[in-house]
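Have a look at the structure below before the remarks.
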Number of protein chains: 4
Amino acid sequence: MIKAGIVGFRGYSGAELIQILERHGAATVYLMEHRADAGDRPTPRGAGGPARIPATAEAAGAAGLDVVFLATPPEVSMELAPGFLEAGAKVIDLSGAFRLRTVDNYTRWYKEPHTQPELLASAVYGLPELNRAPIAGAKLISNPGCYPTAASLAIAPLVEAGVVDRGAGIVCDAKSGVSGAGRKPSLKTSFCEVTENFSAYSILEHRHVAEVLLNTGITEPEFSFSAQLIPVHRGILETIYFRAAGVPSAAALVELYEKRYAGEPFVRIYDAGKSPDLLSVARTNFCDIGVTLHAATGRAVVVAAIDNLGKGAAGQAVQNMNLAFGLPETQGLL
Amino acid sequence: MIKAGIVGFRGYSGAELIQILERHGAATVYLMEHRADAGDRPTPRGAGGPARIPATAEAAGAAGLDVVFLATPPEVSMELAPGFLEAGAKVIDLSGAFRLRTVDNYTRWYKEPHTQPELLASAVYGLPELNRAPIAGAKLISNPGCYPTAASLAIAPLVEAGVVDRGAGIVCDAKSGVSGAGRKPSLKTSFCEVTENFSAYSILEHRHVAEVLLNTGITEPEFSFSAQLIPVHRGILETIYFRAAGVPSAAALVELYEKRYAGEPFVRIYDAGKSPDLLSVARTNFCDIGVTLHAATGRAVVVAAIDNLGKGAAGQAVQNMNLAFGLPETQGLL
Amino acid sequence: MIKAGIVGFRGYSGAELIQILERHGAATVYLMEHRADAGDRPTPRGAGGPARIPATAEAAGAAGLDVVFLATPPEVSMELAPGFLEAGAKVIDLSGAFRLRTVDNYTRWYKEPHTQPELLASAVYGLPELNRAPIAGAKLISNPGCYPTAASLAIAPLVEAGVVDRGAGIVCDAKSGVSGAGRKPSLKTSFCEVTENFSAYSILEHRHVAEVLLNTGITEPEFSFSAQLIPVHRGILETIYFRAAGVPSAAALVELYEKRYAGEPFVRIYDAGKSPDLLSVARTNFCDIGVTLHAATGRAVVVAAIDNLGKGAAGQAVQNMNLAFGLPETQGLL
Amino acid sequence: MIKAGIVGFRGYSGAELIQILERHGAATVYLMEHRADAGDRPTPRGAGGPARIPATAEAAGAAGLDVVFLATPPEVSMELAPGFLEAGAKVIDLSGAFRLRTVDNYTRWYKEPHTQPELLASAVYGLPELNRAPIAGAKLISNPGCYPTAASLAIAPLVEAGVVDRGAGIVCDAKSGVSGAGRKPSLKTSFCEVTENFSAYSILEHRHVAEVLLNTGITEPEFSFSAQLIPVHRGILETIYFRAAGVPSAAALVELYEKRYAGEPFVRIYDAGKSPDLLSVARTNFCDIGVTLHAATGRAVVVAAIDNLGKGAAGQAVQNMNLAFGLPETQGLL
């Protein structure tokens, strides 16, 4: 059994990790208390639940943890990761702390200094479908952002295959459920501000853009990205627009995706003209992709959907754990 | 007092018309029974409500109706409009029956024949901010579609001013609340299919595209449009992407919009980088517009929001009624 | 024109007051800044809006305010009311500070001392349908709580008429939309905690019970009350159970209510066996009441619905203002 | 492996059955096509899914089905059950067709004749916590209604223990998510009629009352039940009011429940004064129970929560299958 600690287990990604790992079959969960956020939900009597230990390197060492999941803000992840690594655990970080490869890139997009430049350089980016090989040997795995997971899986095959008219640019209109903003109360995520509403934010300046650029090879001037808040708990749907070059039909685009993701257990492609919705992927680790093409003019739309707490966070983190520990990649995730 | 009949008063646009007209001050409402759809909501005892008459030309003539609002499907509007016009009433049609100017254009987008080609040719398109003058003298006013109202008000000023890099195309990613699909029960609009969901539909082939092309002068190959369903009752938000040409700053775009819509009571512009959400316009006749520009690369995003039942349907229909009868344009709408 | 100040105008009741008063016709609104809660929503350019002045007695005096609405917590209302009264304004308080008549009663239910016992003794309880006469001459009007408004209007006529089997008790199962909890962010009112959820709170110990007892004459041992949170923005529905004594039919109960509320503009009764829902009263000042009776056994259910921001807060506050200033009681409210 | 057929697999209970059984480990699923309801959701390419066979006795026999789940309306269940039984399969019926023991009782509450009186007499009521023994040998298991499951589990122990003041009656105020109404489109379950709404229905006359009476031994004159629609997909919360007799404290009530349900894997009790909400039981087979008591007056409130698609339908059906086939009762359900 893999001994797996979770810091930030009261948050939405943390709670999802607990749920997945408790059914995983090869993991024992340790809840690591970092700050008393007083946000426990009501529980029945006698509900035992996983062991609770402090979120410290000492406790991780004493418990013999094999892996620690950090479902924490970037600054907390930077603070805690070194200790857990020294204590002999692998670290899978769900924050943005270790995703952007260089201090310069991090500072530009996160507007704050990076306190662990060496760890940043050594971190392995955990998007298996685009970067599987190095995950097996990684000590520090940086779990991708939710928006970039869907956008990169949708866009990378197009760019690789050279079927995008780069001059016309790529538009990614991204929408997310509210759990993507975390569990800390704020006016923006208050029920009465969100229900019966829909709003755009971080237009053209979301820090997740940096990951998409790294993952796909497109450049910032080519890429327009807006984020929007859907009044739902969970789920991401991204509508991606581009001008196709040298593509005879929608079926050819479908084929392109199917070849690229042949054998991938967590990417599913739809028939031309069909597309997934949030319910297609809710509570799963799938990324679903649908394609529409107006062949005469080349206008193309790709709809990509994930569960932001699944493939966009906790599900993908467990997929990375499976790879890092030599388990079947899908264990606990189907 | 203007005697105003409403056909389709049990639908969402019809109900909104009742609500606006009952507070309007210069209108008396007649509910015109066309089909028993058995969808009345529970009502308290003694609730009088407006007079009810049949949806026939005879009844309209007998009641001396000055105007009839058709909140009906296109085929019903085509069937009913001639009789009401002959009975001496103006007709304000909220369907798509009379929006596309020519039979060919209608047949192409609506996939069915047009039974009233002469009326189609004579209808006046009722988007006051782009076509105010002829509305005053019109007998048959074709109220714009909900999506095209927001898209056209956002895009037309950009095209007029020549600030769009036409070669890169314009993307309109449109989202609507569920009332836009009408009140007739269907699986697609059932609560359990919509709540906690978000889905795209009519990707690259929505018939509302035709109106946007007519209103803005852009061509179909330049325009990519997808519609999406938000799990809310009402409201439309459109995120519009284009490459700006010759625009030095976001402030310049704001100024462009302000000049174009100076004096318009129902178009409101936001500071650069700010944008409206659905709550900004809920239960109003406003179209709110916000602009973001990345000046160095020209990437630009315009967010336009309306209430699909307000400026997107009933509100705009009353605005047209006000213009057609020489009343203050804002009467009953502020 | 009545000069009307609003303290707490960024909250949901405060915002509702602004909306009602701006269409009222006989009131000029002053927004009174009390604390910077940083919660303004995005606004379009050039949105003028009402004058803003500090929430001080001096400012109220300088502006010549005729009335100040306090949409504030009880402790703020106790702090501010004396100054505004001395400055010559009437005060309509929407908090619980002045509802319970005596210091002892207040302390018991609100678990904190009352700092203005004299004002408490002189306050007039503003539930017009049960206590209309003294409102006209009142200087300090205590606006009823949302739950007690519906419960009292539903129960008082039954108790007055002696048709309740008191020994069997009365049950009030009350449900409210989330805006009843105010606009201050909290975990309990965060979107992801509320959506797809439904929860009970303050079971058998809600402080609003105290008001219902005062308004109806029933005693605490006779009354069981639970509050519950509906995942909607606004609206209250209360399902009230009792054993009817000496009532031959449901129609007789309907008649009882109709006689009691004959001529009341804001109470509406439904046919026997029918009942209102939240949409029946949304954005109105109505209290709608429906009755079901199983005549053979006497089991009876009354469903009462209000908008918690309308008749449950801002609407009723304006109704009280109308009465206090000799205006038509329904002005601005229909 | 148990070969398990599902009729009505496109409905919400049917879909839940598929999901549970596919992870169950000892069951192979067969989807049985009964009527083309054209309600399939979009699916990715290559999604294999379970085998599909006709919903006929012949097909059941040919496939060698061990059990057939009927997630169908009562009239369809009465039509299909005999054939499947003759074909040698056990039948677990999720409709109300076989719950009420006698034709008279069925006819009274369902207002239609019963076409299978012999089967009705032989059916075993599948609420394991109250009726476990006969389920093991049953051929036809009648799965309980959703409301009665929660109500009976909450009320039966109180009546058994004699702690209810029967003269004062028991009130059950029940609330359900919309999936309880099935997947067939109707105006009542349309998104725009449900969102931001909350409504009562079947006040004092819901046919589920009959089951609660049978399960608990209370009589109709003692029991007041109303159903209400929560704007959520799934979940039932019932608030039950009674006058406690001879109970010294809330803790004593907690103890009473704990003793009654000692060893039960799917009933969970909360500390006195605490109560579950819908999220406590979402997507589980648990029934959670919380108790509040005002000891001085005996007023008591029990909150019981289940997932209407879990313990209220598909989960409980699989629990019954486990019992009927000698499997561990919790298999596939934790």
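Just the heavy atoms: all of them, side chains too, but no hydrogens, waters or symmetry mates, feed the values below. Chain identifiers are assigned alphabetically (A, B, ...) following the order of the sequence lines, protein sequences preceding nucleic acid strands; residue numbering begins at 1 within each chain. Quick caveat, the model's predicted, so the values are computed rather than measured.
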Between chain C and each of D:His294, D:Glu222, D:Glu205, D:Gln228, count heavy-atom pairs under 4.5 Å; write down the option with the most.
D:Gln228
If you look at every heavy atom in C:Leu278 and D:Asn197, which pair is closest and at what distance?
N-OD1, 3.0 Å
Between atom OG1 of C:Thr195 and atom NE2 of D:His233, what is the distance when rounded to the nearest 0.5 Å?
12.5 Å
Closest non-hydrogen atom pair, C:Leu279 against D:Cys192:
CD1-O, 4.2 Å
Under 3.5 Å, is there a donor-acceptor pair between the side chain of D:Arg299 and the main chain of C:Phe223?
yes
Between D:Leu237 and C:Ser199, which heavy-atom pair has the shortest distance, and what is it?
CD1-CA, 4.5 Å
Let's test your reading of the structure: which of D:Thr297, D:Thr239, D:Leu293 forms the most heavy-atom pairs below 4.5 Å with chain C?
D:Thr239
Pick whichever of D:Val171, D:Val303, D:Leu229, D:Asp165 has the most heavy-atom pairs under 4.5 Å with chain C.
D:Val171
If one checks every heavy atom of C:Ile203 against chain D at 4.5 Å, the contacting part turns out to be both
Please tell me whether D:Tyr241 and C:Ser226 have a donor and an acceptor in their side chains that are separated by less than 3.5 angstrom.
yes
Heavy-atom cut-off 4.5 Å, strictly under: side chain, backbone, both or neither for C:Ser275 against chain D?
side chain
Enter the distance from D:Ile230:CD1 to C:Glu196:CD here, rounded to the nearest 0.5 Å.
10.0 Å
Grab the two heavy atoms, one from C:Asp173 and one from D:Lys175, that are nearest each other, plus how far apart they are.
OD2-NZ, 3.0 Å
Counting only heavy atoms not in D:Arg41, do more than 12 sit closer than 6.0 Å to its CZ atom?
yes
Please give me the minimum heavy-atom distance between C:Pro231 and D:Val232, naming the atom from each residue.
CG-CG1, 3.7 Å
